[in-house]
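Shown next, in structure tokens, is the structure this report addresses.
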Amino acid sequence: MLDHMTKDPQAPQLARLAALIADETRAACLLALLDGRAWTAGELARHAGVAASTLSEHLGKLVAGGLLTEERQGRHRYVRLADARVAHLVEDLAAQVAPDATPRPRNLRESSAGSAMARGRTCYDHLAGRLGIAVTDALTSRQLLRQDMGFALTDAGLAWFEATGISLDRKGRRPLARACLDWTERRPHLAGVAGAALCRHALAESWCVRIGSERAVKVTATGERALTDVLGIDAETLR
């Protein structure tokens with residue numbers, strides 16, 4: 001029976017992809033780049049705590065494997081995640097790590113940074129953390145978003161985005177709405193075209209602002225009023 005079985009042709013590719021991520025330094029780089037911005041090789045080397053030459057070798061593998069893209073400006077080499085697909089892969093894998101497997105903060109600074117990330121952050125190009133979940137729950141309770149068979153905007157949801165002044169680019173291949181498993185809340189938040197557009201709007205309108213050098217964002221007083229007005233979110237849940 002086994003003689004007639006053939007190996008799935010995708011198996012070697014999957015193994016190579018898993019091997020790319022299965023390195024602590026490369027994993028640290030991928031997690032850092034979830035902020036959606038381009039980082040220099042030097043910035044990533046300091047973040048990962050390795051020498052620049054070591055980091056350069058790791059980046060070469062990630063670029064060759066299609067997980068990162070790079071561009072050069074003068075003597076600087078910038079890298080970013082290749083696309084939203086890679087971001088979702090990294091976030092989904094991070095969500096599989098058991099909460100008690102995450103090291104405890106070593107000091108008050110680490111504790112504060114971790115709390116800020118859990119409260120609200122960007123996941124590549126959409127909102128995550130308690131903020132992302134609050135927005136997703138509000139959209140769902142108002143029947144603007146369906147979660148019963150995957151994520152999908154309703155007709156009322158499409159109208160809400162238009163009325164709120166958030167344009168949706170529906171020409172590309174990216175899903176309009178997609179569930180992304182939140183690694184701190186262990187529940188899905190809104191990603192896809194709609195999630196990205198909502199995040200851009202929130203930052204552009206100063207509903208929330210980035211804090212620190214990580215992905216953490218903080219809802220402003222303007223944002224509290226706006227999210228209460230347009231989605232009925234209790235301001236206390238945003239703090």
Side-chain angles (χ1 to χ4, degrees), residues 21 24 27-37 39 43-44 46-49 81 84 86-141 145 147 151 177-192 194-196 198-203 205-228 230-239:
I21 301 173
E24 188 171 341
C29 292
L30 292 170
L31 287 168
L33 291 166
L34 276 176
D35 66 0
R37 294 177 285 187
W39 288 47
E43 289 169 336
L44 283 172
R46 289 190 292 273
H47 178 79
L81 296 182
V86 176
H88 294 151
L89 172 64
V90 175
E91 183 82 359
D92 286 348
L93 286 173
Q96 304 307 314
V97 179
D100 55 2
T102 304
R104 292 188 175 184
R106 294 173 296 181
N107 49 49
L108 181 60
R109 181 178 179 181
E110 284 191 2
S111 178
S112 298
S115 296
M117 287 277 282
R119 182 172 58 246
R121 65 182 182 278
T122 54
C123 170
Y124 187 55
D125 61 0
H126 56 271
L127 298 173
R130 291 197 298 275
L131 171 59
I133 293 297
V135 169
T136 300
D137 286 349
L139 288 168
T140 304
S141 65
L145 175 71
Q147 296 192 39
F151 273 26
R178 179 189 183 278
C180 181
L181 184 59
D182 197 292
W183 63 266
T184 52
E185 295 299 304
R186 308 287 155 167
R187 296 175 51 205
H189 56 243
L190 175 65
L198 183 54
C199 181
R200 282 196 305 272
H201 186 81
L203 290 170
E205 296 297 318
S206 296
W207 291 2
C208 55
V209 293
R210 294 186 183 277
I211 55 176
S213 59
E214 300 288 344
R215 294 184 282 142
V217 296
K218 178 182 179 180
V219 178
T220 64
T222 298
E224 288 183 1
R225 290 191 296 269
L227 290 170
T228 298
V230 301
L231 284 174
I233 300 176
D234 182 359
E236 286 295 323
T237 67
L238 302 172
R239 297 171 184 165

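Computation of the quantities below employed the complete heavy-atom set of this structure, encompassing side-chain atoms and omitting hydrogens, waters and symmetry-equivalent molecules.
- For the pair Ala84 and Tyr124, the tightest heavy-atom approach, listed with the atom from each and the gap, is CA-CE2, 3.4 Å.
- Side-chain contact check for Thr122 versus Cys199: some heavy-atom pair is nearer than 4.5 Å.
- Salt bridge present: Glu236 and Arg239 bring a charged side-chain N and a carboxylate O closer than 4.0 Å.
- Under the 4.5 Å side-chain criterion, counting only non-hydrogen atoms from C-beta, Arg215 is not in contact with Arg37.
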Take Leu227 and Leu131, measure what side chain to side chain contact (heavy atoms under 4.5 Å, CB included) needs, and give me the verdict at the end. CA-CA 10 Å; Leu227 290 170; Leu131 171 59; 4.2 Å; yes
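- For the pair Ala134 and Ile233, the tightest heavy-atom approach, listed with the atom from each and the gap, is O-CD1, 3.8 Å.
- For the pair Asp92 and Arg178, the salt-bridge criterion is met [side-chain N within less than 4.0 Å of a carboxylate O].
- The existence of a salt bridge linking Arg210 and Asp35 is excluded, since no basic side-chain nitrogen approaches an acidic carboxylate oxygen closer than 4.0 Å.
- A heavy-atom distance below 4.5 Å is found between the side chains of Glu91 and Trp183.
- Contact of the Arg121 side chain with the Thr184 side chain is registered, since non-hydrogen atoms from C-beta on lie closer than 4.5 Å.
- Cys180 has its side chain within reach of Cys123: a pair of non-hydrogen atoms, C-beta onward, lies under 4.5 Å apart.
- Distance check: Leu30 CG to Leu89 CG gives 8.5 Å after rounding to the nearest 0.5 Å.
- What you find for Ser141 and Ala138 is that their closest heavy atoms are OG-O, 3.1 Å.
- Considering OG1 of Thr140 and CD of Gln147, their distance stands at 3.5 Å, rounded to 0.5 Å.
- Taking the side chain as every heavy atom from C-beta outward, Val135 and Leu198 approach each other to under 4.5 Å.
- The shortest heavy-atom contact between Leu31 and Ala94 is CD2-CB, 4.2 Å.
- Here the straight-line distance linking atom NE2 of His189 with atom CG of Leu127 works out to 8.5 Å at 0.5 Å rounding.
- In this structure the side chain of Leu203 never reaches within 4.5 angstrom of the side chain of Val209, judged on heavy atoms.
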Derivation and outcome, side chain to side chain contact (heavy atoms under 4.5 Å, CB included), residues Val230 and Trp207: CA-CA 12 Å; Val230 301; Trp207 291 2; 4.3 Å; yes
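- Between the CG atom of Asp182 and the CD1 atom of Ile133 there is a distance of 4.5 Å, given to the nearest 0.5 Å.
- Considering only heavy atoms from C-beta on, Thr220 stays 4.5 Å or farther from Cys208 through its side chain.
- Counting only N and O atoms by type, the side chains of Thr136 and Arg187 include no donor and acceptor under 3.5 Å apart.
- One distance of note links CG of Leu34 with NE2 of His88; it measures 9.5 Å at 0.5 Å rounding.
- The shortest non-hydrogen separation linking Lys218 to Ile211 is CB-CG2, 4.0 Å.
- Here the closest non-hydrogen pair linking Ser206 and Thr222 is O-CB, 4.0 Å.
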